[in-house]
*Asks:* 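Pasting in a structure now, in structure tokens, and then I'll have a few things to ask.
Predicted model, so just to flag it, every value in this text is computed and none were measured. Every heavy atom of this structure was used, including side-chain atoms; hydrogens, water molecules and symmetry mates were not.
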Amino acid sequence: MAERVVTMAIGPLVSMLKDKASSYLLDQYKVMEGMEEQHKILKRKLPAILDVITDVEEQAMAQREGAKAWLQELRTVAYVANEVFDEFKYEALRREAKKNGHYIKLGFDVIKLFPTHNRVAFRYKMGRKLCLILQAVEVLIAEMQVFGFKYQPQPPVSKEWRHTDYVSIDPQEIASRSRHEDKKNIIGILVDEASNADLTVVPVVAMGGLGKTTLAQLIYNDPEIQKHFQLLLWVCVSDTFDVNSLAKSIVEASPNKNVDTDKPPLDRLQKLVSGQRYLLVLDDVWDNKELRKWERLKVCLQHGGMGSAVLTTTRDKRVSEIMGADRAAYNLNALEDHFIKEIIEARAFSSKKEKPIELVEVVDEIVKRCCGSPLAATALGSVLCTKTSVKEWKAVSSGTSVCTDETGILPILKLSYNDLPAHMKQCFAFCAVFPKDYKINVEKLIQLWIANGFILEYKEDSPETFGKHIFDELVSRSFFLDLEESKDYSGYYSSTCKIHDLMHDIAMSVMEKECVVATMEPSEIEWLPDTARHLFLSCEEAERILNDSMQERSPAIQTLLCNSDVFSPLQHLSKYNTLHALKLCLGTESFLLKPKYLHHLRYLDLSESSIKALPEDISILYNLQVLDLSYCNYLDRLPRQMKYMTSLCHLYTHGCRNLKSMPPGLENLTKLQTLTVFVAGVPGPDCADVGELHGLNIGGRLELCQVENVEKAEAEVANLGGQLELQHLNLGDQLELRRVENVKKAEAKVANLGNKKDLRELTLRWTEVGDSKVLDKFEPHGGLQVLKIYKYGGKCMGMLQNMVEIHLSGCERLQVLFSCGTSFTFPKLKVLTLEHLLDFERWWEINEAQEEQIIFPLLEKLFIRHCGKLIALPEAPLLGEPSRGGNRLVCTPFSLLENLFIWYCGKLVPLREAPLVHESCSGGYRLVQSAFPALKVLALEDLGSFQKWDAAVEGEPILFPQLETLSVQKCPKLVDLPEAPKLSVLVIEDGKQEVFHFVDRYLSSLTNLTLRLEHRETTSEAECTSIVPVDSKEKWNQKSPLTVLELGCCNSFFGPGALEPWDYFVHLEKLEIDRCDVLVHWPENVFQSLVSLRTLLIRNCKNLTGYAQAPLEPLASERSQHPRGLESLCLRNCPSLVEMFNVPASLKKMTIGGCIKLESIFGKQQGMAELVQVSSSSEAIMPATVSELPSTPMNHFCPCLEDLCLSACGSLPAVLNLPPSLKTLEMDRCSSIQVLSCQLGGLQKPEATTSRSRSPIMPQPLAAATAPAAREHLLPPHLEYLTILNCAGMLGGTLRLPAPLKRLFIMGNSGLTSLECLSGEHPPSLNEPQVYRSLWSLQITGCPAIKKLPRCLQQQLGSIEDKVLDAHYKVTEFKPLKPKTWKEIPRLVRERRQACRS
């Protein structure tokens, strides 16, 4: 059976042309005057083509070349004809605007904007175009008869949309069951490599559609993985493996995406992963068959912490062999048949209550054709869902090719596409304009469909509603996936989706060269073919690429989506006259486009641009339907003549902070459905009044700003409340009123807003708190779900009982949440936020009874902050119905509460339990259940009166049975902790020392513990250990899951005789010690026990001295290095510290600051005492170079060290034996350092030279050392970042700079006399500098002894953009030699050499 191909549906394109040719505007404004006969002929012949289009498309799918060629020609003619009728429509709209006075408003600009508006000239030009179209159509009809195309009625576009239930099947649930073993195996591989210092790469290989990405998602989201790795990153690679672009994508997928944005991507990536155990998922890797590309990326990735891993998914075994060279690929097997059958049946029968037996029997046959692919099963199931008979099901089965290794599942996906109605084919195929794995905004996608004419207008529904039905249908057929709804920082909702990469391949094959995607600078000259109609650009300098391409070519571009900033004007603007949709982010204040070339534009997205204003002539875009100006922070005004843009449907102005007013005449925009922000300016002729919105059917979101400027506000706001229909496509409805105090008679008006049945979210914002009773009788409609109120001045509120979310902030006079006569229950409330309610003290008025009501039966999140008068949380009522045995049952007021945050409530007393229940048999009382049975997160801060928990006694239920996270900060009277058997995170800040007694009850479950207790001056050893109960020591004799431990003022862990539970913490990865007064010597026994420790931070330990004066201890060089796996060490503000412990070889980062007595950073180093003695006696006999220092085994400290930062270490005389691995060195306020030395094995060339002599410096005896002026300091050869700050007398002599430097800062140093290259300097190339080519940031200031810069550095000054140099430096920027003749070369060489010597 020949494979059927996918083709673009041409029928909708011809139907679009037919509708345009029949538009009433053409006759109303007589734009086809003199062409009536040709117009009639065309309108008669277009239906004839539509009659056979179905038959032609079927023959084309069957790969009949004649039909395919005829369809291709029809597509070309239809495109040209549509453009011609767009011109006719624009001419009609232009004449309408002229009739309404637009020409008068534009003044003399009309001549420039419409130079050829003469009707005779227009008729002549358009008549010729129409005749050519008619001739082409007649040829097509003649060929149609020759080919024998037959009449087939086109299936009507259904207006009855089936109610799809595409959530009836949970793919993740089936995937979780079907891939359980695979997930378990790979997680085992990743976790077992925890102690591996090398980067682990696990490639997962399988054909497309087998579930590689789904499996990776299951692994990525697994709790064990989330806990094991410190950093998780996910990047979809898809077609192009470009190292810099990929590094940038990885960084932008992290929380630090906005850090160091000026640095190169690979440097940012290296810094991101440095020292952290991370998991990076590279999904869908294709083009990575060059080992060098992977090696470049891998070099940066290897800077991660021990146990770091990369999980890749790919269809190509060669890719897996390159990336996972040290490990066999994990081959993902096909899914078992019973899972495939489950997926097909779940899709096929999703809308059917019963499964007909005769259809179920066909499923087994279809399962075999899927070859274990869940995507193929989903696609076939979606196709079958629209079929009802056995015959149709068998036709699908027989028409489907069996998946093979060569074809994969593409035949099944093509069948799924071909089964779509024609208008849906066109909409889906357009999505090829987006890159793979791109998050597509659903609302924008539908607007782009409309802008390109893919959705025709119907009287029954708006195009937006029709487009939403199409999108939902495509989702139900699995063409779109990963639907997400999110809210931006301004509170605006948006929905996004993605396309599976194989589905994207289908769309690309349909569109062929009509869609062009450029995510990096195209390498081919002809990357933009003349057939291109839809273009997506997200590369740097997009305008330059476009300008170069459009100079040579003239494609009829309809869609241009540019995802990168544009800073310079687009050229060849006349070639953009076919644009229907345009997205640009303008990086300039001025508007870079000319509207006279954009007559057919329907969609214009300028969001996040830097423009200050739009030009007045933009009002001639009479076709424009969507104008997105959101987050244009500098935009201060809109065009005054916007009222003539009568096609405008959606205007987005939220986030425009500087917008002063709206243009007048908005009532003329009768099609306007969306207006996100209306700014009421000072009344005047150039400013719209809010009353102009009355006649408009505004949909979506509306925010009213500067309401104080509204004239006659009482009537107009009332009309807003009564007339505006706020509706939105599945995103919810929002209304925000600001400065409500300026609205007269606001009680009635706001109450009216509350009655709006379609309003979902209402925000009321006052500028300042004042007397108000606006909300006393507020009774919102039941459809209102979210209420946000800011700075309301009333003492109580009306009926809020139907809310799902309530946010009250700054309502400083509010006293009670429930007014007299209202119900005490909130049956729907899930989120309650109370902030800065300074007078709030009661939940209901005094003398009011709760009766038998549950106040918050569904509450999930409760946030209370700055409610200084609040005494307690609400209690639960006693319910009268007796249970078995005569007990009365109690339901807690917080039975579903999961998150509770209480901050700055100074009078709050203990948290309440559920009430007691009377037992009739005994007369006693018994607690029925916990008050917080579902609570998972509890955070308490600054509760001055909170003393204790109402903890249950033995035998009674636990207060917090599900609690996982507990944070208690600044609660000075609290001396105990509650029972919480599942607690994993405990944070105590400024707690009593007695709290330590209760920590042991959580030892078996804690993973993160922060104990920062109150500081007490310790006077005796007994006082150190007295707070540790003897019976608790036994509880420490087990292994803890604790991975992070932060201790502050916890002397109980250290000191003579103190509790030493360190063997318990075998999984501890991070330890922080702060303000431990009993810590004097390095706790080697502690370090030896912490076998998993990776990060150690010690600060503010005033008595810590290190090994100094410790008797009978072996030499530092003989001591063992602990903890062996340590990667990051930070010491701060330990003023007594003299000597370091022997840091392990695994160390990658060291930071030491405020250790004013420290004499060595790498433990006792041989030669250091001699150096210190020499330094103190005479500067004249310092060693001249590193080669003169003694060579010992200690010269090879920290072979992995990459970052070293020293600050305020005033006693440090030298920094010796810097390892060659060092990449970053920072020194600040370390003025005593006189020698910097690199390990001998780390030098690139042993023959270090002076600035005056080109001969190598040989080792000399110490007594024969040279003068300070000749002293040299050698840095590690691979150093990239060097910073020396405020070190006045530090480092006399010459500092040799390594070539790979990227950033060099030297400020405030009077000792350095010169800077030179690290290795022996040879004369540089006359045409190209050889060193410091990577340097991008340079600052040398306050260094008077440095008279000039080395010539190799001078050569690079012209290419360093970020540089600050003192004015006294006489530097010359070297430029490449450009001789005009051969005779000039000797002279130029002599001049260059002379310049080099000077």
*Asks:* Test side-chain hydrogen bond (donor to acceptor under 3.5 Å, both in side chains) on Ser1337 and Asp1362 and set out the steps.
*Replies:* CA-CA 5 Å; Ser1337 183; Asp1362 179 21; 2.7 Å; yes
*Asks:* Quickly, which of Leu1315, Thr1341, Leu1338 forms a side-chain contact (heavy atoms from CB on, under 4.5 Å) with Ile1306? Name it, please.
*Replies:* Leu1315
*Asks:* Run the side chain to side chain contact (heavy atoms under 4.5 Å, CB included) check on Asn1286 and Met1307 step by step: do they pass?
*Replies:* CA-CA 6 Å; Asn1286 306 312; Met1307 289 165 275; 5.7 Å; no
*Asks:* Any side-chain heavy atom of Lys1070 within less than 4.5 Å of one from Leu1045?
*Replies:* no
*Asks:* Considering non-hydrogen atoms only, spot the tightest contact between Val273 and Cys300 and give its length.
*Replies:* CG2-O, 3.6 Å
*Asks:* Which of parallel (below 30°), tilted (30 to 60°) and perpendicular (above 60°) describes Phe434 and Phe536?
*Replies:* perpendicular
*Asks:* I'd like to check Leu246 versus Val235 (side-chain heavy atoms, cut-off strictly below 4.5 Å). Are they in contact?
*Replies:* yes
*Asks:* Roughly how far apart are Ile499 CD1 and Asp437 CG, rounded to 0.5 Å?
*Replies:* 10.5 Å
*Asks:* Keeping the roles fixed (side chain from Tyr220, backbone from Leu232), state whether a donor-acceptor pair exists under 3.5 Å.
*Replies:* yes
*Asks:* Would you check if Lys1149 and Glu1127 make a side-chain contact, meaning some heavy-atom pair closer than 4.5 Å?
*Replies:* no
*Asks:* Working to the nearest 0.5 angstrom, can you tell me the gap between Leu231 CG and Leu279 CG?
*Replies:* 9.0 Å
*Asks:* Which pair of non-hydrogen atoms, one from Asn1217 and one from Ser1237, has the smallest distance, and what is that distance?
*Replies:* N-OG, 2.9 Å
*Asks:* Taking C-beta and beyond as the side chain, do Thr312 and Val204 meet within less than 4.5 Å on heavy atoms?
*Replies:* no
*Asks:* Got a salt bridge between Asp267 and Lys271, using NZ or NE/NH1/NH2 to carboxylate O under 4.0 Å?
*Replies:* no
*Asks:* With distance as the sole test, does Tyr1332 use its side chain to make a donor-acceptor pair with the main-chain N or O of Leu1297 at under 3.5 Å?
*Replies:* yes
*Asks:* Identify the heavy atoms of Cys1238 and Pro1276 that sit nearest to each other, and give their distance.
*Replies:* SG-CA, 3.7 Å
*Asks:* Nearest 0.5 Å please: distance from the CD1 atom of Ile186 over to the CZ atom of Arg179.
*Replies:* 9.5 Å
*Asks:* Is atom NZ of Lys498 surrounded by more than 12 heavy atoms (other residues, nucleotides or ligands) closer than 6.0 Å?
*Replies:* yes
*Asks:* Any side-chain heavy atom of Phe1305 sitting closer than 4.5 Å to one from Leu1282?
*Replies:* no
*Asks:* Between Arg1303 and Leu1301, is there a donor-acceptor pair closer than 3.5 Å when you use the side chain of the first and the backbone of the second?
*Replies:* no
*Asks:* If every non-hydrogen atom of Cys1209 is compared with every non-hydrogen atom of Ile1152, which pair is closest and at what distance?
*Replies:* SG-CG2, 3.8 Å
*Asks:* For Asp283 and Thr213, which I'm curious about, is there any donor-acceptor pair between the side chains at under 3.5 Å?
*Replies:* yes
*Asks:* Tell me which one of Gln276, Lys1223, Lys1148 satisfies side-chain hydrogen bond (donor to acceptor under 3.5 Å, both in side chains) with His303.
*Replies:* Lys1223
*Asks:* Rounded to the nearest 0.5 Å, what's the gap from CG on Leu537 to SG on Cys562? Could you check?
*Replies:* 5.5 Å
*Asks:* Could you tell me which non-hydrogen atom of Asp565 sits nearest to which non-hydrogen atom of Glu543, and how far apart they are?
*Replies:* O-OE1, 4.0 Å
*Asks:* Are the side chain of Ser1146 and the backbone of Leu1126 linked by a donor-acceptor contact shorter than 3.5 Å?
*Replies:* yes
*Asks:* Could you check if a side-chain atom of Lys184 sits within less than 4.5 angstrom of a side-chain atom of Ile187, using non-hydrogen atoms only?
*Replies:* no
*Asks:* For the NZ atom of Lys298 and the CG atom of Asp198, what is their distance to the nearest 0.5 Å?
*Replies:* 8.0 Å
*Asks:* Would you indicate whether the side-chain heavy atoms of Lys183 and Asp222 approach each other to under 4.5 Å?
*Replies:* yes
*Asks:* Answer yes if the side chains of Asp1203 and Thr1224 hold a donor-acceptor pair under 3.5 Å, and no otherwise.
*Replies:* yes
*Asks:* Evaluate Tyr1281 against Glu1226 for side chain to side chain contact (heavy atoms under 4.5 Å, CB included), listing each step before the verdict.
*Replies:* CA-CA 8 Å; Tyr1281 302 94; Glu1226 298 181 9; over 6 Å; no
*Asks:* Just by distance, do the side chain of Ser308 and the backbone of Leu199 share a donor-acceptor pair under 3.5 Å?
*Replies:* no
*Asks:* Do any N or O atoms from the side chain of Thr1007 and from the backbone of Thr1043 form a donor-acceptor pair under 3.5 angstrom?
*Replies:* no
*Asks:* Judged by atom type as modelled, is there a donor-acceptor pair below 3.5 Å linking the side chain of Gln1339 to the main-chain atoms of Leu1365?
*Replies:* no
*Asks:* Using modelled atom types and a 3.5 Å cut-off, is there a donor and acceptor pairing between side-chain atoms of Ser1092 and backbone atoms of Leu1068?
*Replies:* no
*Asks:* Kindly determine whether Asp501 and Arg315 satisfy side chain to side chain contact (heavy atoms under 4.5 Å, CB included), including the steps that lead there.
*Replies:* CA-CA 12 Å; Asp501 55 348; Arg315 307 179 210 171; 2.9 Å; yes
*Asks:* Can you tell me how far CZ of Arg277 sits from CG of Asn196, rounded to the nearest 0.5 angstrom?
*Replies:* 11.0 Å
*Asks:* State plainly whether the residues Arg1099 and Glu1072 are in salt-bridge range, i.e. N to O under 4.0 Å.
*Replies:* yes
*Asks:* Would you say the side-chain atoms of Lys1363 pair up with the backbone N or O of Leu1357, donor to acceptor, closer than 3.5 Å?
*Replies:* yes
*Asks:* If we ignore angles and hydrogens, is there a donor and acceptor under 3.5 Å between the side chains of Asp1228 and Ser1207?
*Replies:* no
*Asks:* Between Thr1095 and Glu1069, is a side chain to side chain contact (heavy atoms under 4.5 Å, CB included) present by the stated rule, with each step listed?
*Replies:* CA-CA 6 Å; Thr1095 302; Glu1069 297 179 1; over 6 Å; no
*Asks:* Any side-chain heavy-atom pair from Val205 and Tyr330 closer than 4.5 angstrom?
*Replies:* no
*Asks:* Short question: side chain of Tyr278, backbone of Leu301 - any donor-acceptor pair under 3.5 Å?
*Replies:* yes
*Asks:* What are the two closest non-hydrogen atoms of Pro1144 and Arg1124, and how far apart are they?
*Replies:* CB-O, 3.6 Å
